[in-house]
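The shown structure was predicted, so the numbers you read here are calculated from the model rather than taken from an experiment. Chain letters run A, B, ... following the sequence lines, proteins first and then strands; every chain starts at 1.
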Amino acid sequence: MSEDHLKAQRIRKRDALIEMGIDAYGRRFPDVMSTTAVRKAAQPLNIQPGQRSELRGRVAGRIALLRVMGKLAFATLRDEAGALQFGFSKAELGEQWSVLKLIDLGDIIGADGVIGRTKTGELTLWADNLTVLAKSLRPPPEKWHGLTDVDLRYRQRYVDLFTNPDVRDVFRHRSAIIQAIRDCLIREGYCEVDTPVLQPIYGGAAARPFTTHHNTLDINLYLRISPELYLKRLLVGGMERVFEISRNFRNEGISTRHNPEFTMVELYEAYADYQVMMERVEQMVSAAFNTSARTAILQRVEAIEREVSRLEKEKGGEAAAAYAQEQNLKAYRRAAEGIANGRLTAVFQGEVLDFTSPWPRRQYADLLHEYAGVAMTDVQAVRRKAEDVGIEHTGKDDAVVVNEVFDATVERHLVQPAFVFGYPAAICPLTRQHPEDPSIALRFEAFAAGMELGNAYTELNDPAIQEVNFKRRVAGEGAETMAVMDEDFITALEYGMPPAGGLGVGIDRLVMLLTDSPSIRDVILFPLQRPQPPRTS
RNA sequence: GGGGGUGUAGCUCAGAGGUAGAGCAACGGCCUUUUAAGCCGUAGGUCCUGGGUUCGAUUCCCAGCACCCUCACCA
């Protein structure tokens with residue numbers, strides 16, 4: 001059955017509805033109860049199997065399953081909150097029975113009826129009124145497996161979302177996490193701001209920008225790679241604690257950890273330093289954990305265990321064990337145990353991550369020694385190591401090579417949440433130098449699951465040094481990715497910027513960690529993909 | 001950009017050098033307590049695209065395209 005044919009059949013049903021004087025696309029449908037509200041309302045009634053209560057309900061949602069048997073039909077209706085079984089009988093529906101016959105999987109309907117239980121005990125809304133709210137013209141994916149083709153899932157995220165409820169959960173968590181971070185900062189006296197996405201000069205990070213053009217002004221503009229230089233201007237302006245939840249755009253590769261547009265929370269705090277920023281990371285992540293991962297993990301353990309015992313009964317211990325293994329039940333149990341003991345333990349790809357404050361503080365040089373076996377100051381050894389691990393280092397600045405070796409050898413070992421500090425100053429043009437060792441920057445990066453999660457500085461507020469840093473070319477970094485001179489930013493610093501700590505945390509990656517999502521595309525609703533040629537039909 | 005994998009019905013997937021298979025969905029029939037409902041029947045395909053080998057290719061070979069994984073750039 002071709003797609004066109006399936007669609008044509010549904011169009012015929014739609015037309016049949018219209019023929020009957022029914023609006024196939026519905027209208028306002030007030031006083032809808034969610035499926036969970038119905039469950040909650042039913043609970044105290046203690047309805048026995050086979051009984052109906054006096055309680056009436058009105059629910060709307062999409063038909064996920066439909067079982068028609070002669071003059072009786074059951075439908076599973078899915079709404080945002082969950083799902084509920086509906087019962088329809090020809091006797092009770094009367095003339096509307098013929099409407100039900102025109103309903104397909106995927107249609108959005110509303111129904112009124114009394115809440116009861118079937119003989120098998122399933123909570124059921126026995127409908128006496130059926131309202132078509134939107135006829136679906138395309139067949140939904142397979143009802144058991146849902147949509148699994150990853151390409152299609154991202155291209156047609158709307159289908160992914162309505163067929164795979166777990167996907168919706170991830171984005172609810174994302175929303176809660178962002179809100180927790182926002183609340184946390186507001187509570188600390190921060191002011192949320194918006195700074196330009198379209199920037200005449202890009203800066204604040206080492207990345208290639210997207211370029212665009214403004215017609216009226218006839219100037220090139222860049223989509224921001226970072227809001228940093230604008231947020232610091234606000235410190236000059238006397239705003240002492242500012243943050244922005246910032247969509248940044250970097251014209252770089254795409255991977256499971258990189259999307260060309262991604263979300264960061266970036267914050268600046270006057271009279272603080274990078275030590276304070278470590279505490280801010282711990283605070284924000286704790287808040288995010290408590291609002292999302294905590295209950296999700298406990299529920300997940302229960303859900304896996306329920307399924308395991310079901311499999312044990314139906315398919316035997318082997319299938320159950322395989323499922324438990326595949327779902328990382330052991331790790332989830334350990335995480336739940338940690339939570340019970342007051343720790344912030346989450347599971348990411350089978351690994352238990354402990355986000356409990358304080359996170360370990362690790363010296364960059366120590367880690368380099370531990371995993372690369374070289375001293376950060378021993379330039380010859382570092383370059384030999386670079387060759388060992390296949391990094392092209394000729395013509396590159398020492399500090400750049402050091403950092404590339406660090407990324408290649410150390411990063412993946414930083415599985416448990418940790419702060420790494422003591423970065424080479426030469427690769428940190430916006431960071432204040434260590435007062436006793438100018439080769440070291442007052443910078444840390446936060447790591448977890450082998451990913452960089454955040455980046456923070458004691459901010460450089462000396463305009464003279466900043467100007468020098470802007471002008472210095474560090475060999476080994478592409479000309480495009482170099483810090484670009486921003487005269488106005490220097491001018492701002494010349495007016496005086498208070499000493500400050502600044503921090504950026506990758507929201508997408510944090511959501512990955514707290515929702516056990518293996519790819520950044522799983523936590524971005526519409527990740528960038530090559531567009532498909534337009535459809536002809 | 002390098003390496004590996006995938007591409008077959010609307011969806012989830014088998015399969016083989018000789019006119020293409022299942023389950024779900026669809027259509028028709030039976031069915032008033034189903035639970036991924038069941039039973040009987042029907043229909044549905046450019047086997048990603050292009051070239052090559054072959055009597056014959058959707059299958060083998062080459063190239064391309066898309067996606068996934070991985071490495072590199074980067075957060």
Side-chain angles (χ1 to χ4, degrees), chain A residues 1-10 12-13 49-50 52 64-76 83 85-93 97 104-106 116-124 126 137-156 159 163 204-208 225-226 248-264 266 389-392 403-404 407-408 411-412 445-447 451-455 476-478 480-481 504-510 512 518-521 527 529-533:
Chain A
M1 188 72 65
S2 78
E3 190 170 10
D4 285 346
H5 197 118
L6 293 169
K7 192 171 155 189
Q9 281 175 175
R10 284 168 176 253
R12 277 200 292 279
K13 291 182 183 176
R52 296 187 183 197
L65 301 169
L66 185 60
R67 302 176 283 278
V68 184
M69 304 157 254
K71 304 186 183 77
L72 183 71
F74 292 100
T76 302
Q85 175 164 279
F86 279 44
F88 302 95
S89 77
K90 190 175 183 183
E92 283 167 283
L93 270 186
W97 183 255
D104 286 304
L105 292 181
R117 285 191 190 280
T118 61
K119 282 180 189 167
T120 51
E122 177 87 18
L123 193 70
T124 300
W126 288 101
L137 300 183
R138 287 171 182 271
E142 215 252 6
K143 61 191 180 188
W144 187 241
H145 298 92
L147 195 62
T148 61
D149 182 309
V150 276
D151 184 28
L152 271 183
R153 281 188 47 220
Y154 300 139
R155 283 191 199 283
Q156 298 193 304
V159 178
T163 41
R208 273 135 57 195
I225 57 173
S226 157
N248 297 339
F249 305 85
R250 298 189 184 173
N251 207 337
E252 306 282 353
I254 297 175
S255 79
T256 44
R257 272 160 259 125
H258 300 87
N259 193 61
E261 54 179 297
F262 66 103
T263 305
M264 285 190 68
E266 188 137 343
V389 294
I391 294 169
E392 179 53 58
N403 204 45
E404 288 185 11
D407 287 348
E411 199 172 285
R412 67 175 178 276
E445 290 196 354
F447 288 91
M451 283 194 294
E452 187 189 334
L453 191 60
N455 183 21
E477 287 192 306
E480 284 180 293
T481 71
V505 173
I507 300 271
D508 312 284
R509 289 181 176 182
L510 180 60
M512 285 171 67
S519 168
I520 199 165
R521 293 183 201 97
Q529 277 188 300
R530 189 179 298 278
Q532 278 191 323

Legend entry - A:Arg67 with A:Glu122: basic N within carboxylate O range, under 4.0 Å: no
Inset, instruction - Could you work out the separation of B:G45 and B:G10 based on their P atoms and round it to a whole Å? - result: 8 Å
Legend entry - Rounded distance in Å between the P positions of B:G64 and B:A9: 25 Å
Legend entry - Residue whose nearest RNA chain B nucleotide is more 5′ - A:Ile520 or A:Phe74: A:Phe74
Legend entry - Who pairs with B:U59 - Watson-Crick or G-U, where each distance is under 3.5 Å: none
Legend entry - Of the listed nucleotides B:U33, B:U12, B:C73, the one nearest the side chain of A:Met69: B:U33
Inset, instruction - Quickly work out the A:Asp151 CG to B:G7 P distance and round it to whole Å. - result: 14 Å
Inset, instruction - Send over the distance from A:Arg208 CZ to B:G1 P, rounded to a whole Å. - result: 12 Å
Legend entry - Minimum heavy-atom distance between A:Phe74 and A:Trp126, given as atom pair plus value: CE2-CH2, 3.6 Å
Inset, instruction - Mind calculating the distance between CG (A:Leu65) and C1' (B:A36) to the nearest angstrom? - result: 7 Å
Legend entry - Out of B:C67, B:U34, B:C69, whichever nucleotide has its closest atom nearest the side chain of A:Thr118: B:U34
Legend entry - Whole-Å gap separating P (B:G45) and NE2 (A:His5): 10 Å
Inset, instruction - Please determine if a side-chain N or O atom of A:Thr256 lies less than 4.0 Å away from the OP1 or OP2 oxygen of B:U70. - result: yes
Inset, instruction - Using the P atoms only, state how far B:U6 lies from B:C13, rounded to an integer number of Å. - result: 14 Å
Inset, instruction - Could you give the distance separating B:C65 and B:G50 at their C1' atoms, to the nearest angstrom? - result: 10 Å
Inset, instruction - May I ask you to verify if any side-chain N or O of A:Arg67 is less than 4.0 angstrom from the OP1 or OP2 atom of B:U33? - result: no
Legend entry - Paired nucleotide for B:U54 [Watson-Crick or G-U wobble; both distances under 3.5 Å]: none
Inset, instruction - Measure from CG on A:Leu123 to P on B:U33 and round the result to the nearest Å. - result: 19 Å
Inset, instruction - Tell me whether the OP1 or OP2 atom of B:C69 has a side-chain N or O from A:Arg521 closer than 4.0 Å. - result: yes
Inset, instruction - Could you check if a side-chain atom of A:Val159 sits within less than 4.5 angstrom of a side-chain atom of A:Pro141, using non-hydrogen atoms only? - result: yes
Legend entry - B:A66 - base-pair partner by Watson-Crick or wobble geometry, distances under 3.5 Å: B:U6
Inset, instruction - Look at A:Lys13 and B:C27 and indicate whether a side-chain polar atom (N or O) is within less than 4.0 Å of OP1 or OP2. - result: yes
Legend entry - Identified pairing partner of B:G38, criterion: Watson-Crick or G-U wobble below 3.5 Å: B:C30
Inset, instruction - Name the pairing partner of B:U12, where a pair is Watson-Crick or G-U wobble with both distances under 3.5 Å, or state none. - result: B:A22
Legend entry - Nearest-Å distance once atom C1' is located in both B:U53 and B:C11: 36 Å
Inset, instruction - Return no unless some side-chain N or O of A:Lys143 is found under 4.0 Å from OP1 or OP2 of B:G10. - result: no
Legend entry - Shortest non-hydrogen contact between A:Met264 and A:Arg250, atoms and distance: SD-NH2, 4.5 Å
Inset, instruction - Using the C1' atom on both, measure B:C31 against B:C40 and round to a whole Å. - result: 12 Å
Inset, instruction - Figure out the CG/P separation between A:Asp149 and B:C24, and round it to whole Å. - result: 21 Å
Inset, instruction - Give me the one residue out of A:Leu65, A:Leu123, A:Thr118 that meets side chain to side chain contact (heavy atoms under 4.5 Å, CB included) with A:Gln85. - result: A:Thr118
Inset, instruction - Give a yes or no answer on whether the side chain of A:Glu142 reaches the backbone of A:His145 with a donor-acceptor pair at less than 3.5 Å. - result: yes
Inset, instruction - Would you mind telling me which of B:U33, B:C27, B:U34 lies closest to the side-chain atoms of A:Asp104? - result: B:C27
Legend entry - Side chain of A:Arg155 (C-beta onward), nearest among B:A36, B:C67, B:C71: B:C67
Inset, instruction - Could you work out the separation of B:G23 and B:C39 based on their C1' atoms and round it to a whole Å? - result: 16 Å
Inset, instruction - Identify which nucleotide among B:U34, B:C73, B:G23 has an atom closest to any side-chain atom of A:Glu404, counting heavy atoms from C-beta outward. - result: B:C73
Inset, instruction - Ignoring the backbone of A:Glu122, work out which of B:U34, B:C67, B:A37 is nearest its side chain. - result: B:U34
Inset, instruction - With C1' as the reference atom in both, quote the distance from B:U42 to B:G56 in angstrom, rounded to an integer. - result: 32 Å
Inset, instruction - Please state whether the base of B:U12 and the side chain of A:Thr148 form at least one donor-acceptor pair under 3.5 Å? - result: no
Legend entry - Residue met sooner reading RNA chain B from 5', once A:Ala91 and A:Leu66 are mapped to nucleotides: A:Ala91
Inset, instruction - Let me know the distance between CZ of A:Arg138 and P of B:C11, rounded to the nearest Å. - result: 11 Å
